[in-house]
Amino acid sequence: MKNFAYTRPRSLGDATEAAGNDGAQIIAGGTTMVDLMKIGVLAPETLVDITGLGDLEGHAVGTDALQFGALARMSKVADDPAVIEAFPALSEALWKAASPQLRNAATLGGNILQRTRCPYFRDTAYAQCNKRDPGSGCAALDGGKTSHHAILGGSEACVAMYPGDFAQTLVAFDAQVMTRGPGGTRTIPFAELHLLPGDTPHVETVLEPGEIVTAITLPRIPAMANSHYLKARDRESYAFAAASAAVGVEMDGDTVRDVRIGLGGVAATPWRARAAEDALRGGPLNEETAREAGRIAFEEAVPLEGSAYKMPLGADVVAGALLTVKSRIGGE
Amino acid sequence: MAQTINTEVTRVDARRKVTGTASYAADSIPAGMLHGALACTAVAMGRIAGIDTARAEAEPGVVAVFTHETLPDYKTVKGFYAGGPGSASFWPMEGTEIRYAGQPFAYVVAETAAAARRGADLIAVRYEEDAAQIHMDPGESFIIGAGEDSEGMTLTKGDIEAGLGAAAQTVEATYRTPFQHHNPMEMFAATAEWRGEQLTVWMPSQSVRTLRGGIAKAYGLPETSVRVLSPFVGGAFGSKAGVTPYAMLTIAAARAVGAPVRLIVTRPQMYTVATFRPETEQKFRLGADADGKLTAFEHVEIAQTSRFDDVVNPGTHMTRSMYACPNIHTEQRLARSDTNSGGFMRAPNEMQTFFGLESAMDELAWKLGMDPVELRRVNDTNRHPVKDVPFSSRSLMESYDAVSRSFGWADRGREVGSMTDGDWLVGYGCATATYPTNMSPSSARVRMQGSGHAYVELAAHDVGTGSYTIFAQIAAAQLGLPVEAVDVVMGEADLPLAPIAGGSTTAASSGSAVHIACTNIARGVAEKVAAQKDGPLAGLDPAQITLENGVLKGPGGESQSLAEALASTPMGEIEAEGQYRHPALTDKALRMTYHGGYGVAGPVTPEMAMFAFGAQMAEVHVHRYTHEIRVPRLHGAFAAGTWLNRKTAHSQLMGGMVWGLGSALHEITEVDTPRARFLNANIAEYLIPVNADVRELRVEMLEERDDYVNPLGVKGIGELGIVGTAAAVGNAVYHATGKRLTAIPMRISDIVSA
């Protein structure tokens with residue numbers, strides 16, 4: 001690990017200023033940052049530790065909205081009975097991520113910005129990685145092993161997968177991200193926070209240098225209460241998703257009034273399956289329509305040799321998540 | 001005196017381990033110690049074209065940077081598969097040659113570990129890269145050795161084609177197992193301190209004598225000039241058995257800088273600087289008559305090996321020992337690829353071969369319409385199928401019957417896909433476990449004091465299995481002392497000979513030596529007290545005095561406790577050595593062990609076949625939508641002669657089954673084919689079972705008496721629990737889904753794609 005300077009600002013203004021300097025990186029829980037520094041993928045000159053900004057730690061479940069400070073710990077939010085009642089999928093997504101130790105340390109702001117687990121990104125012995133070293137190529141696409149790679153949203157430059165769970169609930173339920181940067185504060189729709197890799201996979205978000213995520217908010221909608229996060233993984237805990245789905249449903253009698261579907265383990269960014277939602281809205285929800293929604297969710301997928309299994313798997317996970325919610329609601 | 005054998009005794013080192021006072025090799029910090037770090041190649045094949053160490057040398061704290069051109073006095077040893085003590089025959093940093101990815105090419109010494117690592121990162125290296133092939137090509141396989149005897153790599157008995165022709169049902173199937181790495185919790189480490197021509201090495205090791213002998217020979221030093229210390233080992237599983245490049249580099253670096261150096265290998269480097277479990281293919285052709293009796297048994301194993309070693313773990317020796325069959329053909333084949341040499345990893349051939357054999361047996365049972373347990377029963381045998389000698393003891397079907405009862409085998413649905421639980425498809429599967437009883441020679445020294453304390457000393461190892469505890473128990477039982485009154489000293493090469501902690505030999509072999517040493521203590525005391533004027537045993541013929549639970553007994557019912565008798569002698573203290581050698585151990589094997597090798601008697605001697613047996617049953621759930629495979633119940637029943645310590649034995653078998661579960665569902669070292677590099681060299685992405693994966697796990701330990709294997713009647717159990725688990729899980733997956741998965745680990749992607 002390269003030597004680095006460390007600063008722990010006391011105010012958001014100081015943090016923004018420090019984080020805007022060349023070679024500076026923000027650190028909060030450190031579960032991604034320290035890891036990547038140890039394996040030589042990141043080598044910041046200065047770490048700006050924002051955990052001293054106590055104002056960003058809280059969260060609140062209101063009648064109209066859910067609000068989460070960027071420094072709220074994963075475990076604390078996951079365990080809050082008010083969160084569990086208002087938005088079960090969000091609690092489940094946090095619970096099913098990482099390990100207890102990591103959830104105790106990691107913050108929500110850091111969680112949404114976590115980096116890919118693509119092995120070619122994480123091992124600097126591979127000369128080719130457009131995300132780590134722009135223009136160097138992509139080892140995964142150059143005959144590499146692609147079974148943990150994106151089948152949605154990838155490009156010819158990069159097929160790295162967004163690994164998180166929590167973000168799928170945010171993207172599907174219209175979350176917004178509050179930030180503070182050198183130019184002041186702004187609100188970014190969560191769906192616009194992450195950038196598709198395209199030709200510039202090293203640019204992962206719309207955040208400007210020095211811009212700090214301060215909070216995440218979600219409008220409270222009826223589909224939240226009937227939501228579920230289903231994660232398929234090769235071991236029962238502490239494993240990234242082979243495929244996952246965050247879904248929520250609002251029924252009007254036997255008709256779907258509102259439905260939300262976020263996909264994990266399959267895409268380059270947090271992914272919302274809008275076409276699948278549209279197909280369900282206004283119709284019945286049953287095994288047949290759930291499976292059709294799953295199929296539609298992956299219509300535009302571009303499977304690679306190693307990741308072809310994610311298409312049928314992802315479709316089944318979407319169907320399974322929808323039917324679980326349906327059975328919780330009751331009815332037919 | 002309370003009985004100590006075959007009871008539950010808590011580890012004598014438990015408190016020290018959980019309070020952090022057990023001192024592992026890397027915890028020893030000699031004065032003035034510096035820190036080492038390895039720099040390893042990115043490419044898998046080619047040559048070092050140039051190394052620029054200037055930036056590394058300029059880094060604050062860096063003391064020296066060594067390359068193949070600048071490291072003086074770097075010595076190497078012959079590889080294990082070439083008859084030496086080394087982990088591989090090819091040694092890095094002897095020249096510019098690169099033979100595998102992650103090969104060390106420079107060694108940095110610095111004042112802190114962090115500076116050493118930074119220095120290693122700052123070395124600029126240029127490669128001339130050649131193409132490399134990391135997977136074996138089974139089509140390019142070959143047989144090493146030849147001949148028809150049990151040592152040979154091929155065997156033919158009867159006529160396999162005739163046996164297949166006569167069969168009512170046949171199975172022809174190929175199963176595959178992946179590269180795996182041991183991943184002990186304790187990192188690889190070596191600390192070397194030279195004082196003139198005296199060298200001390202602290203290193204977690206499964207064989208301190210192998211290490212000492214190899215180092216001494218390499219440096220031309222008498223063995224008395226080399227101390228090797230490995231007091232506790234935080235898991236090894238075969239990865240800490242040999243003399244490795246990282247050890248020899250550290251020894252050379254310490255000599256070069258004139259100060260002690262400690263190297264702790266990083267987790268990613270642990271995947272390349274030592275050994276691993278090679279990938280294999282298991283090809284079976286089985287035939288059976290309508291009653292299930294085998295008419296043909298063919299097994300061809302193809303295992304990956306390096307270009308410079310013939311790494312052979314002969315799995316077909318195990319499978320052909322299993323079931324009665326008149327027509328047997330086996331071949332042990334290797335196929336080369338561009339990796340470091342593999343080696344042994346817990347149940348080094350049994351895990352792979354029994355995944356294959358026991359899956360094939362299950363396929364056969366389904367074809368025959370037979371209960372798979374009954375298929376094993378009709379093919380059970382009390383004589384070795386090839387050597388035609390009796391098994392010294394064989395409780396295979398007793399194990400099946402016991403596990404069937406505890407598991408509820410009879411309650412299973414008889415058809416594929418006939419059981420469900422909500423969205424889960426449910427299946428039951430079973431498989432056989434076996435492990436050879438390998439008997440190594442061993443010595444032990446026991447010193448007893450009349451005050452009631454004893455010391456047991458031997459160059460054996462506790463790799464986490466509980467050896468400290470069982471040796472104390474064995475001595476306590478014989479000497480009539482409480483277990484706490486026995487101190488066991490191990491993990492030093494200067495102590496009496498003990499074998500490599502491998503092949504599940506330690507408890508049975510070194511335990512027997514401790515037993516014999518205690519018998520010799522009793523004889524010595526008996527001679528002394530018989531010669532004395534006073535005392536209950538005075539004047540008796542010492543040959544007629546026997547030892548029973550710490551009490552010396554004369555022929556006429558005279559008796560005296562050993563401690564009392566000893567206290568009455570002039571010295572009040574006695575020391576004795578015990579040497580254990582199985583009668584069937586050849587002189588060659590004896591010599592091999594004394595020279596640091598792995599010399600054993602068995603598992604098949606001219607008179608007997610010595611194996612431990614067990615049976616495993618798994619309940620598997622496969623989810624309708626997520627296609628996840630989970631194992632809510634795993635039961636095993638095992639018989640392995642005398643249970644020395646029911647608590648640590650239970651832990652060994654349970655830990656083995658958890659490891660077996662990992663082999664079934666989780667463990668694989670993933671590979672980047674074009675660049676011939678391992679991909680998931682960390683324990684986040686190299687999956688092993690977590691607590692949540694292990695639900696109901698039940699171990700049943702059956703009573704078994706075996707007077708042939710050794711004086712204690714003990715069979716090794718360190719590896720038995722792993723064998724068969726993967727097949728039991730795979731067979732249950734088939735029962736649940738109708739999908740026959742022929743490769744491990746069995747993953748979501750395999751269920752979806754099958």
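Within every chain, numbering begins at 1; the chains are lettered A, B, ... in the order of the sequence lines, protein sequences first and strands thereafter. What's counted below: heavy atoms across the whole structure, side chains too, no hydrogens, waters or symmetry copies. In this text the structure is predicted, and so the values were computed from the model without any measurement.
Checking each of R103(A), R233(A), K231(A) against D165(A) for a salt bridge (Lys or Arg N to Asp or Glu O under 4.0 Å) leaves exactly one that passes, namely K231(A).
Residue D123(A) touches chain B through its side chain alone, counting heavy-atom pairs closer than 4.5 Å. Interface remark: D121(B) contributes side-chain atoms only to the contact with chain A (heavy atom separation under 4.5 Å). Neither the backbone nor the side chain of L661(B) comes within less than 4.5 Å of any heavy atom of chain A. Interface remark: I751(B) contributes no atoms to any contact with chain A (heavy atom separation under 4.5 Å). Proximity to chain A is limited to the backbone of V671(B), based on heavy atoms less than 4.5 angstrom apart. Heavy atoms of I39(A) lying under 4.5 Å from chain B are absent altogether. At a 4.5 Å heavy-atom cutoff, the contact between R675(B) and chain A is made by side-chain atoms alone. Neither the backbone nor the side chain of A101(B) comes within contact range of chain A, judged by heavy atoms closer than 4.5 Å. When heavy atoms are compared at a cutoff of 4.5 Å, K145(A) approaches chain B by way of both its backbone and its side chain. Residue contact with chain A, scored on non-hydrogen atoms closer than 4.5 Å, involves the backbone and the side chain of S749(B) alike. Of the atoms belonging to L313(A), heavy atoms from both backbone and side chain fall under 4.5 Å from chain B. Looking at A321(A), neither its backbone nor its side chain comes within 4.5 Å of chain B, counting heavy atoms on both sides. Neither the backbone nor the side chain of K310(A) comes within contact range of chain B; no heavy atom of the residue lies under 4.5 Å from a heavy atom of that chain.
Between M33(A) and R115(A), every side-chain heavy-atom pair lies at or beyond the 4.5 Å cut-off. Contact check for Y100(B) versus T41(B): no side-chain heavy atoms found under the 4.5 Å cut-off. Contact check for V273(B) versus P104(B): side-chain heavy atoms found under the 4.5 Å cut-off.
In the displayed structure, R55(B) atom CZ is contacted under 6.0 Å by at most 12 heavy atoms of other residues, nucleotides or ligands. In W659(B), the CH2 atom is crowded: over 12 heavy atoms of neighbouring residues, nucleotides or ligands sit closer than 6.0 Å. Within a 6.0 Å sphere centred on CD of E128(B), other residues, nucleotides and ligands contribute more than 12 heavy atoms. Open room surrounds NZ on K38(A); 12 or fewer heavy atoms of other groups in view lie less than 6.0 Å from it.
Look at E299(A) and R295(A) and you find a salt bridge, because one of the NZ, NE, NH1 or NH2 atoms lies within 4.0 Å of a carboxylate O, short of that distance. A salt bridge does not link R126(B) to D52(B): none of the charged side-chain nitrogens sits closer than 4.0 Å to a carboxylate oxygen.
For the options D142(A), T324(A), L323(A), heavy-atom pairs under 4.5 Å to chain B are most numerous at D142(A). The residue among I688(B), T626(B), I748(B) with the most heavy atom pairs within less than 4.5 Å of chain A is I748(B). Interface remark: of the candidates R630(B), R747(B), E670(B), R630(B) forms the most heavy-atom pairs closer than 4.5 Å to chain A. Ranked by non-hydrogen atom pairs under 4.5 Å with chain B, the options A232(A), A315(A), A125(A) are led by A232(A). Most heavy-atom pairs under 4.5 Å with chain A, from the set N680(B), D693(B), V690(B), V752(B): that is D693(B). Comparing A139(A), P312(A), A242(A) by how many heavy-atom pairs each has under 4.5 Å with chain B, the most go to A139(A). Of the residues considered (E59(B), R117(B), H627(B), R624(B)), H627(B) shows the highest number of contacts with chain A, using heavy-atom pairs under 4.5 Å. Interface remark: of the candidates G40(A), S237(A), S307(A), S237(A) forms the most heavy-atom pairs closer than 4.5 Å to chain B. Interface summary for chain B: among G314(A), G306(A), S244(A), G143(A), the most heavy-atom pairs under 4.5 angstrom belong to G143(A).
A side-chain donor from one of S337(B) and Q304(B) sits under 3.5 Å from a side-chain acceptor of the other.
H181(B) has its ring centre less than 6.0 Å from the ring centre of F678(B).
Between Y126(A) and Y120(A), the two ring planes are perpendicular [angle over 60°; tilted spans 30° to 60°].
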